[in-house]
Amino acid sequence: MYKIAVLPGDGIGKEVMDATLDVLDSLSIELEYEFGEAGDECKEKNGKALPQKTIDIVKKTDACLFGAAGETAADVIVRLRREMDLFANLRPIKSYPGTNALFDNLDFIIVRENTEGMYVGNEDWVKDEEGDIIGANAEQIMTKAASERICSYAFEYAKKNARKKVTGVHKANVLKKTDGLFKESFYNIAENYKNEIEAEDYYVDATAMYLLTRPETFDVIVTTNLFGDILSDEGAGLVGGLGLIPSANIGEERALFEPVHGSAPDITGKRLANPTAMILSAIMMLEYLNENKAAEILNKAILKVLSEGKIVTEDLGGNSTTSEMTIAIKNEIDAQQK
Ligand code: ATP
């Protein structure tokens, strides 16, 4: 029996979470849910987007499923990542059949540093003598410890998952000290794997182009916080949109799983939300818990529904609602478990 913290959050976060819990309930695996509040609605109600009570729930469970937060996303998810030292953000980019992917042969993963870089949130206004704002500064923090930790994670991930190459992405030609240190850390770690895993590095601008011109050549990408955020949305575009990209935030002792998409206020309440990204995030959670059989069953079920393309949401070219697609996935699970 695993204890899972469930934070549905705002907008379609709640809709895709309902769908995901529904499919998880069809699997023969025992999960006990502890629900927590977080996000815009929670802030309106309790004055805080991430109350201590929610943090306590997450800290005493085995893993956390998170839906999405709207305007308060930074206060919620960035803080949760930092509070629990969830240093590695994994974003697999995979082509699924029947999904209008620009490329049908992609299977790489972006490993993003999750705790520092430009996202430390240290910003300041620059004011003139009258006190009027004339500019703003942001601090980028890079430590050798965090850079080596994320690069080690990427190489270990490559080794465990039979990946052949790790690409380090940075902007060390301009950000000579911060990104320079990241690049140096990357090669320090690569040295330990030189007989088994290929290492290469690119500037982020070149990577953005290569992701469009030859994305199939990537295997594992390891990069800094800001660049990882941007490149993973580019990756989502390559394989059919945000509705399909899951993510995992992994720490030494805890982990949180969430779709890459946000609360999507434009489609909230319209029954249009594609539950795939949240369900794939739950599959990553099952793998993290070593529930590989359950993960495999769920993965097969969702692949079947996607490849048939009949009962899928509008973003995938279908005309089914979130719950119709969910029922189709549950039926596939039942068929496998018979
Ligand atoms: P937020 O402010 O919470 O980040 P957003 O709308 O700015 O929300 P996303 O939620 O990440 O950003 O998504 C951008 C757009 O992609 C949405 O407006 C929506 O149209 C589409 N989209 C995102 N996720 C899904 C999904 N699961 N199913 C269908 N469409 C989606």
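If you're wondering where the values come from, they're calculated on a predicted model, not measured in any experiment. When a ligand or atom number is given, it counts from 1 through the structure's own listing order.
- The closest side-chain donor-acceptor pair between Thr178 and Gln140 falls under 3.5 angstrom.
- More than 12 heavy atoms of other residues, nucleotides or ligands sit less than 6.0 Å from atom CG of Asp25.
- In this pair, Tyr153 and Phe87 present their aromatic rings perpendicular. The plane angle is above 60°, beyond the 30 to 60° band.
- Residues with a heavy atom under 4.0 Å from ligand 1: Ile12, Ala69, Gly70, Leu242, Gly243, His261, Gly262, Ser263, Ala264, Pro265, Asp266, Ile267, Ala273, Asn274, Asp315.
- With 3.5 Å as the limit, one finds a donor-acceptor pair spanning the side chains of Arg214 and Thr217.
- Residues Asp229 and Tyr119 bring a donor and an acceptor atom of their side chains to less than 3.5 Å of each other.
- Shown here is Lys48, whose NZ atom has no more than 12 heavy atoms of other residues, nucleotides or ligands within 6.0 Å.
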